[in-house]
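Structure, as structure tokens:
Below, read A as the first sequence line, B as the second, and so on, with proteins coming before strands; counting in each chain starts at 1. On a predicted model such as this, the values are computed, not experimentally measured, just so you know.
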Amino acid sequence: MAETPDSADLSATMYDARREPGAASGAAAAGGTTDVSLRPEPAIDVGVTAGRIDAAAVVARLAGSGAVGALVTFTGYCRDEGGRLRALELEHYPGMAEKQIEKIAREAAARWPLLGCAALHRYGLIAPGEEIVLVACSSSHRAAAFEAASFLMDYMKTAAPFWKREHLVDGTTGGWVEAKDTDDAAADRWHRL
Amino acid sequence: MRLAYFAWVRERIGIAEEEVVLPAGVETVGDLLYWLKGRGETYDAALQAPEIIRVAINHEHVDHSEPLAGAKEVAIFPPMTGG
């Protein structure tokens with residue numbers, strides 16, 4: 001896919017642990033002793049749930065340490081689509097959904113120096129105004145937290161096995177929501193050569 | 001081998017899962033999709049554009065060129081739309 005000016009911009013500003021002085025593979029290649037594997041394991045909190053997600057509780061868990069200088073959270077909500085929608089139904093693949101979300105979170109924790117990371121996704125019927133998904137990343141500094149949260153969301157949309165179907169206010173079941181090329185493009189911009 | 005279907009693939013085929021015994025010659029994910037498509041109208045409706053269909057073996061995403069050897073559960077579904 002042709003790179004858009006937007007995605008070019010984003011990749012130019014992407015945090016890369018390898019460019020940090022003394023960090024990860026850069027130091028390893030130069031014979032340094034710092035290795036990404038020596039970073040403290042961040043607390044990872046992932047899951048799927050039919051119930052509501054308590055964003056305040058997630059924030060409290062991730063922000064509670066003196067080492068945290070930045071916490072980024074993203075919440076995705078169900079829209080009413082101009083009053084047309086009664087609910088979104090989220091179908092998921094039990095077992096694989098949890099596994100893929102955990103894999104995405106571990107990848108984020110391997111690529112950015114996170115202190116904590118949460119990725120929670122709901123399934124079942126979700127009413128307009130309710131949350132569908134929450135991701136949160138804490139770090140010493142904001143760049144890693146912003147970028148890891150953005151990475152998590154891009155992969156939650158394209159690699160976690162969930163499918164949305166519309167339920168309309170007139171009582172009928174609408175169609176399955178179509179996947180967007182822009183979501184694939186957003187995920188693709190994180191690929192490394 | 002267990003097959004699991006999701007979203008509109010599940011709806012069009014009309015069942016959520018089934019056990020199948022693969023005929024000789026069905027060795028990759030692509031072979032499986034082609035074989036399933038020929039099993040009847042409902043399968044044909046679900047798999048009319050096999051190139052957009054996503055597949056997971058034992059809960060991991062795979063390409064259509066992936067061999068089926070060792071697969072216990074193969075899931076077949078449309079592009080994902082969560083988040």
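- Residue Leu88(A) is grouped with residue Phe74(A) when hydrophobic side chains (ILVMFWY) are merged at heavy-atom distances under 4.5 angstrom, including chains of intermediate members.
- Under the 4.5 Å side-chain contact rule for hydrophobic residues, Trp112(A) and Phe146(A) do not share a cluster.
- Among the candidates Leu134(A), Asp183(A), Thr158(A), Leu90(A), the residue making the largest number of heavy-atom pairs closer than 4.5 Å to chain B is Thr158(A).
- Within residues 48-68 of chain B, the residues having any heavy atom less than 4.5 Å from a heavy atom of chain A are, in residue-number order, Arg54(B), Ala56(B), Asn58(B), His59(B), Glu60(B), His61(B).
- Transitive grouping of hydrophobic side chains (ILVMFWY, heavy atoms separated by less than 4.5 Å) brings Leu71(A) and Ile53(A) into a common cluster.
- Within 6.0 Å of the CD atom in Glu178(A), the count of heavy atoms belonging to other residues, nucleotides or ligands does not exceed 12.
- With a 4.5 angstrom heavy-atom cutoff, Ala159(A) touches chain B via backbone and side-chain atoms both.
- Rounded to the nearest 0.5 angstrom, Tyr93(A) OH and Phe6(B) CZ are separated by 5.5 Å.
- Listed in order of number, the residues of residues 72-83 of chain B that approach chain A to under 4.5 Å between heavy atoms are Glu73(B), Ala75(B), Phe77(B), Pro78(B), Pro79(B), Met80(B), Thr81(B), Gly82(B), Gly83(B).
- Follow the hydrophobic side-chain contacts under 4.5 Å out from Ile104(A) and you reach Tyr123(A) in the same cluster.
- Heavy atoms from other residues, nucleotides or ligands lying under 6.0 Å from CZ of Arg79(A) number 12 at most.
- Within the 4.5 angstrom heavy-atom criterion, no atom of Glu89(A) approaches chain B.
- Note: the hydrophobic cluster containing Leu115(A) does not contain Val46(A) (ILVMFWY, side chain heavy atoms under 4.5 Å, direct or indirect links).
- Along residues 20-45 of chain B, no residue comes nearer than 4.5 angstrom to chain A, judged on non-hydrogen atoms.
- Counting heavy-atom pairs under 4.5 Å between each of Glu91(A), Lys180(A), Lys99(A) and chain B puts Glu91(A) at the top.
- Near-neighbour residues of residues 161-172 of chain A relative to chain B, defined by a heavy atom under 4.5 Å from a heavy atom of that chain, comprise Pro161(A), Phe162(A), Trp163(A), Lys164(A), Arg165(A).
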